[in-house]
Amino acid sequence: MAAALAMFKILSRSSNFERTVRTETDSFCSLVLRLYSTRRNCNRRNLFARISPLGDPELSVVQILDQWIEEGRKIKDFELRRIVRDLRSCRRYGQALEVSEWMSSKGLFPLTTRDFAVQLDLIGRVRGLDSAEKYFSSVSNQEEIGKLYGALLNCYVREGLVDKSLTHMQEMKQMGFASTPLNYNDIMCLYLNTGHVDKVPNVLSEMKENGVLPDNFSYRICINSYGARSDLITMEKVLKEMESQSHISMDWTTYSMVANFFIKASMHEEALNYLRKCEDKVDRDALGFNHLISLYTSLGHNDEVMRLWALQKEKCKKQVNRDYITMLGSLVKLERLEEAENLLKEWESSCQCYDFRVPNVLLIGYSQKGLIERAEKMLRSIAREGRIPPPNSWAIIAAGYLEKQNLEKAFKCMNEALAVKEQNNGWRPKPSVVSSILRWLSENGRYGELKEFLSSLKTVPSMDGKLHNALDELVETLENDGEIAMTGELQVR
């Protein structure tokens, strides 16, 4: 058992040994970019169509930009700015910075202060705050410098630097640059994200005293601050003030947020009131329908969920993977598994790009309800159709078998996951699953398999150096204990 104890000590020191999940936004943006690239000029006459397939943020776009010029093609400033904007919106910040800096270095057209501000923000995201401050100093002689001050403030806020942010904001006020809601919104977000939610309303009050009209986002941050403190009475007062402002156009997002706080407080009648207001504002916004479906699911309203899904399909015409993920998740929570299976078949018959995040929702649902054999059968059926499941799909099954104390099956499925690890470079095995399998292998004297399993774990692309060292240490501990021979065979003692 010495090896098993050593194993847990080593794993517990590896605090970064956590599963990294790509957000829906990232995946959805990547899909949109790929489809845009496919539909738009397959002969790559469009510059964005050449850049968008480079989904790996580590890949450089400079060569593509240079080649475009070498081919004698024209390039417009608005096109490059749009590319920077789209890359930023999909969190491909490194590539967006490359385009921005390429635009600066070539001198093909005059740059605006906004161009410098965007570049400053990207430098802060990609290279850190020190680089952003140096860049700010180098371009602080630009006209409309207030935008640059605002971009640097955003960098401080993003890093959660309260003192620096407040000092910088005070300097902006003294210079007359804090004249838009954006800067005050930054400070309110700073307080919200650093646990000082009680200070948010004071910023809104100061904003109005200084003659700066709050926008939708200003009110939403303040509403959120009261909701986070469960002060729903004051939250509603702020909402009513927001509704009374002639310059504010109410949207579904605000009502969705308010409804969610009432649901959390188990005040369902009040929540339903705001959900109806939310629906009135949704129109053809698929994301709004997704929020409505999720919130009605939280209330357990089956009929409303089905009605809204039908209405979304009628109004929005085309449903994307994100929409199916939301609806599948709702059906699973409402324990309507047969309808979820039918919806998955509907998606499979219409999808242009097979995204395993969609069937994973059902796999998780099966697992949570103890139907892990059914989940494995479904995944293997998908694999037989020629699709290669990513490692996280197999990891879902492994975790499900672990819950049922079937370690043999959990081990087998984790090996399946490791065999296809290249399908998702961001995947990391769950510590609880790995440690349970390692302990089980050790306790059953299967040291050769244990060593092979550890070796496979070390080849997972997302594993950091700290974990590599921990795994090396574990193997060394086992070998020193004589439990594993250097050849990987069981050592008889």
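Computed over heavy atoms, backbone and side chain alike; hydrogens, waters and symmetry mates excluded.
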Decide yes or no for [X] and [Y]: does some side-chain heavy atom of the first lie under 4.5 Å from some side-chain heavy atom of the second?
X      : Y      : value
Leu129 : Leu161 : yes
Leu454 : Leu438 : yes
Trp394 : Val420 : yes
Pro389 : Gln423 : no
Met378 : Ile382 : yes
Val99  : Arg85  : no

On the 0 to 90° scale, with breaks at 30° and 60°, tag the [X]-[Y] ring pair as parallel, tilted or perpendicular.
X      : Y      : value
His291 : Trp252 : tilted
Phe116 : Tyr135 : tilted
Phe411 : Phe453 : perpendicular

If you count the non-hydrogen atoms of other residues, nucleotides and ligands that lie under 6.0 Å from [atom1] in [X], is the total more than 12?
X      : atom1 : value
Lys369 : NZ    : yes
Glu101 : CD    : yes
Ile69  : CD1   : yes

Check [X] against [Y] and note the closest heavy-atom contact, atom names and distance.
X      : Y      : answer
Lys317 : Gln319 : O-OE1, 3.3 Å
Leu402 : Ser432 : CD2-O, 3.9 Å
Ser256 : Leu295 : OG-CD1, 3.5 Å
Val358 : Ile325 : CG2-CG1, 3.8 Å
Leu292 : Cys278 : CD2-SG, 3.7 Å
Pro391 : Lys421 : CG-CA, 3.9 Å

- Query: Step by step, would you call Arg380 with Glu416 a salt bridge (Lys or Arg N to Asp or Glu O under 4.0 Å)?
  - Reply: CA-CA 11 Å; Arg380 292 195 182 279; Glu416 296 266 21; 3.1 Å; yes
Could you verify whether a donor N or O on one side chain and an acceptor N or O on the other, from [X] and [Y], lie under 3.5 Å apart?
X      : Y      : value
Gln119 : Ser104 : yes
Gln63  : Gln67  : no
Tyr156 : Glu133 : yes
Glu408 : Tyr401 : no
Tyr366 : Glu341 : yes
Asp323 : Trp309 : no

Salt-bridged, [X] to [Y], with N to O below 4.0 Å?
X      : Y      : value
Arg322 : Asp355 : no
Lys409 : Glu373 : no
Arg307 : Glu304 : yes
Arg50  : Glu71  : yes
Arg229 : Asp198 : no
Glu346 : Lys313 : yes

- Counterpart residues, ring-ring contact (aromatic ring centres under 6.0 Å, His included), relative to Phe217 (two or more places apart): none
- Task: Evaluate the criterion side chain to side chain contact (heavy atoms under 4.5 Å, CB included) for residue pair Arg158 and Arg125; output intermediate values, then yes/no.
- Result: CA-CA 9 Å; Arg158 189 167 56 239; Arg125 290 181 183 276; 3.3 Å; yes
- Mind running side chain to side chain contact (heavy atoms under 4.5 Å, CB included) on Leu87 and Val61 for me, showing each step along the way? CA-CA 11 Å; Leu87 290 173; Val61 300; 5.5 Å; no
Okay, side chain of [X], backbone of [Y]: is any donor-acceptor separation there less than 3.5 Å?
X      : Y      : value
Ser294 : Asn290 : yes
Asn224 : Arg220 : no
His196 : Thr194 : yes
Ser367 : Ile364 : no
Asn424 : Gly426 : yes

- Message: One pair to check against ring-ring contact (aromatic ring centres under 6.0 Å, His included): Tyr354 and Trp347. What are the steps and the verdict?
- Response: CA-CA 9 Å; Tyr354 201 94; Trp347 169 77; 4.8 Å; yes
- Could you walk me through whether Tyr324 and Leu343 pass side chain to side chain contact (heavy atoms under 4.5 Å, CB included), step by step? CA-CA 8 Å; Tyr324 280 99; Leu343 184 63; 3.6 Å; yes
- Item | Lys315/Asp285 under salt bridge (Lys or Arg N to Asp or Glu O under 4.0 Å): CA gap, chis, key distance, verdict | CA-CA 9 Å; Lys315 285 194 169 186; Asp285 191 327; over 6 Å; no
- Message: Could you walk me through whether Tyr93 and Asp121 satisfy the side chain to side chain contact (heavy atoms under 4.5 Å, CB included) test, starting with their C-alpha distance in whole Å, then the side-chain angles of each, then the deciding distance to 0.1 Å, before giving a yes or no?
- Response: CA-CA 10 Å; Tyr93 300 121; Asp121 179 74; 5.8 Å; no
- Between CD on residue Glu449 and OG on residue Ser456, distance to nearest 0.5 Å: 11.5 Å
